[in-house]
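Position 1 is the first residue of the sequence; numbering continues from there.
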Amino acid sequence: MAGVNGSYDLHVRVVSRRLVKASDSSIKPHVLAVSNLDLIPQTIQTSMFCIYPRPPNGDFNAVVETFEAGLPSFLNHFFPFAGRIATNPSSGLPEFHCNNRGAELVVGEAGVALASLDYGTMTASARRVQQPYGEGMALSVQLVSFACGGFAVAWCTNHVLVDGSALSMLVSAWSELARSGTLSAASRPNHDRSVFRPRATPSYSASLNKAFTPLDAERQVNVLTAEQSSVERLYYIEASDVARLREAASWDDGGERATRFRAVSAYLWKALAGVVGAADARCRMQWWVDGRRRLTEPPELRAAMRSYIGNVTTSAIREAGVDDVRRMALPDVAAMVGEATAAPVYDEHFQELVDWVEEHKADRYVETASLGLGSPTLSVTAFTSFPVDTDFGLGHAAMAMPTTSPTARLCSGYVQITARPDGDGSWIASAFLWPRLAAALESDEPCVFKPLTAEYLGLLAP
């Protein structure tokens, strides 16, 4: 049975699968301990999925040769990714065995054109192309050719190694190295997890303790409720719509203009409040925040964050009355977004996070708001503040989108926004939403969240 655009006909044939080792024999095998911040997401497979139109020379073999030639020197800089993720037998915690067993290089071919995929969801596009890889594999680079001459590159790793910013740095560093043959000082990664240490006497607030819930079946909704409560979508937001929302979310008094992120967040918050209606008195927004630019003390920590590969992510949450959000002008909602994300004293907040994990290492936890208990929560994360350089010599990708394996039976909404790689100012959004919220976004006029298509990505056949 053929699916939309024939995407159900997709089958990726694996042509080759081999291990690529770092070429610098002077790097000694060692064990790298995780930081406490790495233990918040723990071991979840994650990737950056990039699709490219037909290269100028039309030669996929040249793409494969570029990776075969460049990965050994690339892994000299990203040596932990040539190793394995293991479990410490004493503590039961993950650790990185930097033993140069090799990153995986997978080459495959699909007998369909990129334009034939259904880009309405990740399930019908990226997840149909990516190949399974071992739980302990630190890096699996997957190259897949398509009948149209285009190709896909999937950088598959694990959340315990990277957050979104670090994953973007990984891909950008490859592009720089492949184009120039070297890495600039600013792009050389810092793998030193010791920059995040708990205090001798861990200390954290009661509110932080309430922000996490043990990840066990008794505290989660049943699997049928979780599956039926959300739909998956891929959208694009045109640059003109982002600009229009920004103008609408800014007051005309000459004061500070709303950022693009705050404007789109405010739009989503009002949409959420609109679909909640009288069903609940309150609703919540949750924003994932990269701590790298927000950590300022001590100075050595600030310096270490510039190219830190690891996890430095936290969330800011704000709850408000549904009627209040619906009644407020968009600039007021945007201001509320700004207040929520700026409110934490991030130096102290991240230290509290490190301290909290120190006392809760034995169990897995999840952010309480994400479980779906209490008022409805919509979570937003934006990769737009650290755009990904996808041009490794053949031009920018048409799309670069992070993907993550589901980790729990969660009943909250989620929107993940990335910038279109060619820098035209438009955004691509991956979303898990309640059906009513998805319908509201898609029926709004003028429509901001438009279903992603091959035509928008420039992938239609000549």
Side-chain angles (χ1 to χ4, degrees), residues 30-46 80-81 83-98 135-136 138 157-167 169 189-216 286 288-317 344-370 381 404 407-408:
H30 57 280
V31 174
L32 181 64
V34 299
S35 83
N36 282 2
L37 296 181
D38 294 325
L39 293 174
I40 296 175
Q42 293 218 10
T43 50
I44 305 165
Q45 290 190 329
T46 187
F81 292 86
R84 294 294 181 269
I85 303 165
T87 300
N88 183 292
S90 299
S91 67
L93 298 176
E95 60 187 15
F96 310 133
H97 288 190
C98 305
E135 291 291 334
T157 180
N158 198 291
H159 213 329
V160 75
L161 269 165
V162 295
D163 59 10
S165 180
L167 181 59
M169 282 189 252
N190 172 22
H191 301 287
D192 183 9
R193 260 69 175 179
S194 68
V195 295
F196 293 110
R197 296 176 177 174
R199 289 176 281 213
T201 304
S203 174
Y204 47 86
S205 64
S207 60
L208 179 61
N209 197 44
K210 292 179 181 179
F212 292 92
T213 298
L215 186 59
D216 60 53
Q286 179 181 35
W288 292 100
V289 179
D290 178 21
R292 287 168 178 79
R293 293 180 301 165
R294 293 172 170 85
L295 291 171
T296 59
E297 297 295 337
E300 55 268 25
L301 177 59
R302 181 172 68 247
M305 288 299 98
R306 292 172 189 151
S307 57
Y308 180 76
I309 301 297
N311 285 274
V312 199
T313 305
T314 188
S315 66
I317 301 174
V345 179
Y346 283 100
D347 288 315
E348 176 60 23
H349 174 74
F350 274 98
Q351 184 61 64
E352 286 193 358
L353 267 179
V354 172
D355 289 353
W356 182 87
V357 174
E358 186 66 16
E359 294 192 342
H360 296 81
K361 285 182 176 182
D363 300 301
R364 292 198 67 178
Y365 283 77
V366 68
E367 290 78 10
T368 304
S370 300
T381 185
T404 302
T407 58

*asked:* Test of understanding: with side chain to side chain donor-acceptor pair (under 3.5 Å), list the residues that count as partners of Thr213, not counting sequence neighbours.
replied: Thr368
_Phe81 and His191: CA distance, side-chain angles, deciding distance, side chain to side chain contact (heavy atoms under 4.5 Å, CB included) verdict_ = CA-CA 11 Å; Phe81 292 86; His191 301 287; 4.2 Å; yes
*Taking all non-hydrogen atoms of both residues, which atom of Leu32 and which atom of Cys98 are closest, and how far apart?*
CB-SG, 3.9 Å
*Mind checking whether Arg294 and Val312 have side chains closer than 4.5 Å, heavy atoms only?*
no
*asked:* When you compare the side chain of Phe196 with that of Val357, does any pair of heavy atoms fall below 4.5 Å?
replied: no
*Polar side-chain atom of Asp290 near backbone of Thr313 as donor-acceptor pair, under 3.5 Å*: no
*asked:* How close do Arg197 and Val354 get, counting heavy atoms only, and between which atoms?
replied: C-CG1, 3.5 Å
_Checking side-chain polar atoms at under 3.5 Å, does Thr404 have a donor or acceptor matched by the opposite partner on His159?_
no
*asked:* Between Arg306 and Asn190, does the side chain to side chain contact (heavy atoms under 4.5 Å, CB included) criterion hold? Intermediate values first, please.
replied: CA-CA 8 Å; Arg306 292 172 189 151; Asn190 172 22; over 6 Å; no
*Just how far is it from atom CD of Glu300 to atom CD of Glu297, taken to the nearest 0.5 Å?*
8.5 Å
*Between CD on residue Glu95 and CD1 on residue Ile85, distance to nearest 0.5 Å*: 11.5 Å
*Side chains of Gln286 and Ser370: closer than 4.5 Å at any heavy-atom pair?*
yes
*Might you confirm whether atom CZ of Arg293 has over 12 heavy atoms from other residues, nucleotides or ligands at distances under 6.0 Å?*
no
*Between Asp163 and Ser165, is any side-chain donor less than 3.5 angstrom from a side-chain acceptor?*
no
*With no hydrogens and no angle check, is any side-chain donor or acceptor of Asn311 less than 3.5 Å from a backbone partner on Leu37?*
no
*Should Val195 and Met305 count as side-chain neighbours, where that means a heavy-atom distance under 4.5 Å?*
yes
*Could you tell me whether a side-chain N or O of Thr157 sits under 3.5 Å from a main-chain N or O of Ala138, the two making a donor and an acceptor?*
yes
*Enter the distance from Leu295:CG to Leu301:CG here, rounded to the nearest 0.5 Å.*
5.0 Å
*Could you check whether the rings of Phe212 and Trp356 sit parallel, tilted or perpendicular, using 30° and 60° as the cut-offs?*
parallel
*Calculate, to the nearest 0.5 Å, the distance between atoms CG and NE2 belonging to Asn209 and His360 respectively.*
5.0 Å
*Within-4.5 Å side-chain heavy-atom neighbours: Leu161 and Ile309*: no
*Distance from Arg364 atom CZ to Ile40 atom CD1, nearest 0.5 Å?*
12.0 Å
*Answer whether the closest heavy-atom distance between the side chains of Pro214 and Asp363 falls below 4.5 Å.*
no
*In terms of side-chain heavy atoms, does Asp347 have a donor or acceptor partner in Thr296 at a distance below 3.5 Å?*
yes
*asked:* Nearest 0.5 Å, please: how far is OG in Ser205 from NZ in Lys210?
replied: 10.0 Å
*Flag the pair Arg193 / Phe96 as yes when at least one side-chain heavy-atom distance between them is below 4.5 Å, and no otherwise.*
yes
*If you measure from the Lys or Arg side-chain nitrogens to the Asp or Glu carboxylate oxygens, is any gap between Arg199 and Glu359 under 4.0 Å?*
no
*Is there side-chain contact between Thr43 and Glu135, with heavy atoms separated by less than 4.5 Å?*
no
*Donor-acceptor pair, Arg292 side chain versus Tyr308 backbone, under 3.5 Å?*
yes
*Who passes side chain to side chain donor-acceptor pair (under 3.5 Å) against Gln351, sequence neighbours left out?*
Asp355
